[in-house]
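This is a predicted model, so every value here is computed, not measured.
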Amino acid sequence: MSTPTRTTVRTTGVALRAMLVLTLVLGVGYTLLVTGIGQLTLPWQANGSPVQDGSGDTVGSALIGQSFTDADGNALPQYFQPRPSAAGDGYDAGASSGSNLGPENTDLIAAIEERRTAIAEREGVAPLEVPADAVTASGSGLDPHISPAYALLQVPRVAEARGLDEAAVREVVEAHVQQRDLGYLGEPRVNVLELNLALDALSR
């Protein structure tokens, strides 16, 4: 075997052994290590932040919004409604995205005005009282939160549909307001799924 050929074989062997070692260390070992650390230290987050109902059944994730509508897509009056979603057919975790329409896009403006009118009619308020997050989708299209203002706007409807006192429903909303992270990051918000589950528990 000539020297160039011998060098090529040796180099190829070194490359293959290096690839095998790195695959085992980084592809298998590192993955198992990180997974193990996640399961030991933050199991709830590592498993997708699942949310259970009163029966212990997993009904969603604290990180991904979902719709509360009937088979025809109409809002269920006894539940707080999330903000609009542009992800697939709505809150599709496999199609995370916003509308990608600019603020002066005529289609976006028309959609916002249509939503504003529909929500104002549904909640029995003037269109100008409808908060911005009620008519616009988040950048991911999966945001599980709404603003406290939008949650409080829905209190009268939800209370009437459930036969509850408005003050009791408002108290549940206020108890579920999450403040800014570290006191200054983000905005106060309400997780819609967790709020609706709390109301289900209150109505039993």
| query | Pick one: which of V25, L24, L26 meets side chain to side chain contact (heavy atoms under 4.5 Å, CB included) with L22? | reply | L26
| Check: S140 side chain, L142 main-chain N or O, donor-acceptor pair, under 3.5 Å | yes
| task | Please say whether more than 12 non-hydrogen atoms of neighbouring residues, nucleotides or ligands are located less than 6.0 Å from CG in D70. | result | yes
| message | Ignoring hydrogens, what is the shortest heavy-atom contact between V130 and L153? Give both atom names and the distance. | response | CA-CD2, 4.3 Å
| Nearest non-hydrogen partners of P82 and S67, listed with the distance | CG-CA, 4.5 Å
| query | Would you call V190 and F80 a side-chain contact if the rule is heavy atoms closer than 4.5 Å? | reply | no
| query | Looking at CG of D181 and CD of E187, how far apart are the two atoms once the value is rounded to the nearest 0.5 Å? | reply | 11.0 Å
| said: Considering only residues two or more places apart or on different chains, which pairs with a residue in residues 31-75 satisfy ring pair (Phe, Tyr, Trp, His ring centres under 6.0 Å)? | reply: F68-Y79
| field | Neighbour count above 12 (heavy atom, 6.0 Å) for E114 CD | value | no
| Same cluster for L40 and I37 if Ile/Leu/Val/Met/Phe/Trp/Tyr side chains link at under 4.5 Å? | no
| Going hydrophobic residue to hydrophobic residue with side-chain gaps under 4.5 angstrom, can you get from I64 over to L193? | no
| What's the shortest heavy-atom distance between V51 and A62, and which atoms? | CG2-N, 3.5 Å
| query | Which ILVMFWY residues can you reach from M19 by hopping between side chains whose heavy atoms are under 4.5 Å apart? | reply | L16
| For E174, side-chain contact (heavy atoms from CB on, under 4.5 Å) partners two or more places apart | R170
| query | With sequence neighbours left out, what residues match R10 under side-chain contact (heavy atoms from CB on, under 4.5 Å)? | reply | R6, T7
| query | Are a donor atom and an acceptor atom from the side chains of Q78 and N196 found within less than 3.5 Å of each other? | reply | no
| request: Please test Q81 against V158 for side chain to side chain contact (heavy atoms under 4.5 Å, CB included), starting from the C-alpha separation and ending with a verdict. | output: CA-CA 10 Å; Q81 296 300 310; V158 173; over 6 Å; no
| remark: Heavy-atom closest pair (A151 atom, V173 atom, distance to 0.1 Å) is CB-CG1, 3.7 Å
| remark: On a heavy-atom basis, the closest approach of A87 and G141 is CB-O, 3.7 Å
| message | Measuring only between side-chain heavy atoms, which start at C-beta, is I146 closer than 4.5 Å to Q154? | response | yes
| said: Quick check: is L197 connected to V177 through a chain of hydrophobic side chains (ILVMFWY, heavy atoms under 4.5 Å apart)? | reply: yes
| message | Going by the rule side-chain contact (heavy atoms from CB on, under 4.5 Å), which residues pair with Q52 if we only count those two or more places apart in sequence or in a different chain? | response | P50, T58
| request: May I have the step-by-step check of side chain to side chain contact (heavy atoms under 4.5 Å, CB included) for E166 and V169, ending in yes or no? | output: CA-CA 5 Å; E166 284 189 26; V169 176; 5.8 Å; no
| said: Rounded to the nearest 0.5 Å, what separates atom CD in E194 from atom NE2 in H145? | reply: 7.0 Å
| message | To the closest 0.5 Å, what do you measure between CG (D107) and CD1 (I112)? | response | 11.0 Å
| Does the side chain of E123 come within less than 4.5 Å of V155's, by heavy atoms? | no
| N-O pairing of R116 and E113 below 4.0 Å | yes
| How would you list, by chain and number, every residue that makes a side-chain contact (heavy atoms from CB on, under 4.5 Å) with L32, sequence neighbours excluded? | V28
| If every non-hydrogen atom of G48 is compared with every non-hydrogen atom of S61, which pair is closest and at what distance? | O-OG, 2.8 Å
| message | Does E171 have more than 12 heavy atoms from other residues, nucleotides or ligands lying within 6.0 Å of its CD? | response | no
| task | Please answer: with hydrophobic residues joined when any side-chain heavy atoms are less than 4.5 Å apart, are L76 and L199 in the same cluster? | result | yes
| said: I'd like to check L20 versus R17 (side-chain heavy atoms, cut-off strictly below 4.5 Å). Are they in contact? | reply: no
| field | Any D200 side-chain heavy atom under 4.5 Å of D53 side chain | value | no
| request: Report whether Y30 and L42 are members of the same hydrophobic cluster (ILVMFWY, side-chain heavy atoms less than 4.5 Å apart, transitive linking). | output: no
| query | Going by heavy atoms in the side chains, are P188 and R180 under 4.5 Å from each other? | reply | yes
| message | With heavy-atom distances below 4.5 Å as the criterion, would you say the side chains of R83 and S138 are in contact? | response | yes
